Undergrad: 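Got a structure here, written out as structure tokens. Questions coming.
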Amino acid sequence: MLLNIYAVLLKKQGFQHWWPGDTDFEICIGAILTQNTTWRNVEKAIGNLKNQSLMSVDALLRAGERKIASIVKPAGFFNQKARYVYDFCKFIEVNPMNKLRKGELLEVRDALLGIRGIGKETADSMLLYALDFPIFVIDAYTKRIFSRIGVCNEDIDYEDIQGVFHKGLVTDIDLFKDYHAQIVMLGKDTCHKTPRCGLCILHKQKICSYRLN
DNA sequence: CGCCAGGGCCTCA
DNA sequence: TGAGGCCATGGC
């Protein structure tokens with residue numbers, strides 16, 4: 001079932017090569033900046049950081065929250081996000097990513113969740129895409145799409161829907177990465193809050209019968 | 001113009 | 001532990 005849906009999305013949309021970002025650190029910063037924000041706006045913020053040579057732990061710590069806030073402004077919620085980025089850097093300063101990569105998944109996850117501004121989705125995005133741990137990322141699109149298919153309710157708890165994927169799929173980092181990417185693509189292009197079922201491959205294949213329009 | 005975007009925190013029951 | 005308010009820019 002889950003694998004079949006992935007196959008359909010893969011065939012339609014192509015392999016996604018996700019997450020966008022030149023380095024693992026940049027992936028983490030992007031994960032923070034994209035909270036409840038379109039990637040288009042995040043790109044501007046990331047571009048600003050790179051232009052000012054601030055895409056590194058040391059440079060960001062030296063810059064400080066005020067400076068970071070002014071630079072990531074296009075990503076929205078910039079005061080909060082500047083604090084989150086700064087706190088994340090303070091954490092990485094003590095726990096470098098190559099050290100985290102050698103840790104136990106759930107312990108590293110708990111450590112990330114202990115940082116102000118890093119919740120479940122952000123932590124799992126970092127774990128999967130930057131640290132290469134096998135954990136499935138759940139986001140608003142995942143809940144929306146799979147509730148419309150009929151797998152769950154849209155307000156299902158994070159760990160509950162994550163468990164559906166962990167139980168229904170083989171533990172494969174590359175599969176987890178690309179499956180989530182496929183979900184985001186479908187969400188951005190088609191499965192909007194107001195659905196565009198006429199464009200949806202899952203509707204065409206009769207996998208989803210949420211609504212005709 | 002109004003709606004919405006790849007969340008998460010804080011507060012208050 | 002669950003609901004509601006808040007954070008903010010930019011595209012459509």
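Worth saying up front: this structure is predicted, and the values here are computed from it rather than measured.
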Undergrad: I'd like to know whether CZ of A/Arg66 has more than 12 heavy-atom contacts from other residues, nucleotides or ligands below 6.0 angstrom.
TA: no
Undergrad: Are OP1 or OP2 of C/dG11 and a side-chain N or O of A/Lys44 less than 4.0 angstrom apart?
TA: yes
Undergrad: Each nucleotide in nucleotides 7-13 of chain B should get exactly one letter: B, S or -. Can you fill that in based on protein heavy atoms under 4.0 Å?
TA: BSS----
Undergrad: Stepwise, does the side chain to side chain contact (heavy atoms under 4.5 Å, CB included) test hold for A/Asp132 with A/Lys177?
TA: CA-CA 9 Å; A/Asp132 284 301; A/Lys177 285 182 178 178; 2.8 Å; yes
Undergrad: Any idea which of C/dT9, B/dC4, C/dG11 is nearest the A/Arg40 side chain?
TA: C/dG11
Undergrad: C1' atom, B/dC1 versus C/dC7: distance in rounded Å?
TA: 22 Å
Undergrad: Using the side-chain contact (heavy atoms from CB on, under 4.5 Å) rule, pick out the option among A/Thr122, A/Asp124, A/Ile183, A/Leu127 that qualifies with A/Val137.
TA: A/Asp124
Undergrad: Quick one: look up who C/dG11 pairs with, Watson-Crick or G-U, both distances under 3.5 Å, and put none if it's unpaired.
TA: B/dC3
Undergrad: Can you name the one residue among A/Glu121, A/Glu159, A/Glu104 that meets salt bridge (charged side-chain N to carboxylate O under 4.0 Å, His left out) with A/Arg109?
TA: A/Glu159
Undergrad: In whole Å, I'd like the distance from the CG atom of A/Leu186 to the P atom of B/dA5.
TA: 14 Å
Undergrad: Verify, without hydrogens or angle tests, whether A/Gln182 (side chain) and A/Gly14 (backbone) share a donor-acceptor contact under 3.5 angstrom.
TA: yes
Undergrad: Between A/Asp157 (CG) and C/dG2 (P), how many Å, whole number?
TA: 6 Å
Undergrad: C/dA8 P sits how many Å from A/Lys73 NZ, rounded?
TA: 10 Å
Undergrad: A/Asn41 has an atom CG; how far is it from atom C1' of C/dC12, in whole Å?
TA: 12 Å
Undergrad: Considering only NZ, NE, NH1 and NH2 on the basic side and carboxylate oxygens on the acidic side, decide whether A/Arg40 and A/Glu43 come within less than 4.0 Å.
TA: no
Undergrad: Rounding to an integer number of Å, can you tell me how far A/Asp189 CG sits from C/dG11 C1'?
TA: 15 Å
Undergrad: For A/His192 and B/dG2, give me the distance from atom NE2 to atom P, rounded to whole Å.
TA: 22 Å
Undergrad: What does A/Lys81 touch in the nucleic acid at a heavy-atom separation under 4.0 angstrom: a base, only the sugar-phosphate, or nothing?
TA: nothing
Undergrad: Nearest heavy-atom pair of A/Ile156 and A/Lys143: which atoms, and what distance?
TA: O-NZ, 3.0 Å
Undergrad: Would you kindly give the CD-to-P distance between A/Glu43 and C/dG11, to the nearest whole Å?
TA: 11 Å
Undergrad: Work out how far the P atom of B/dC10 is from that of C/dA8, and round it to whole angstrom.
TA: 14 Å
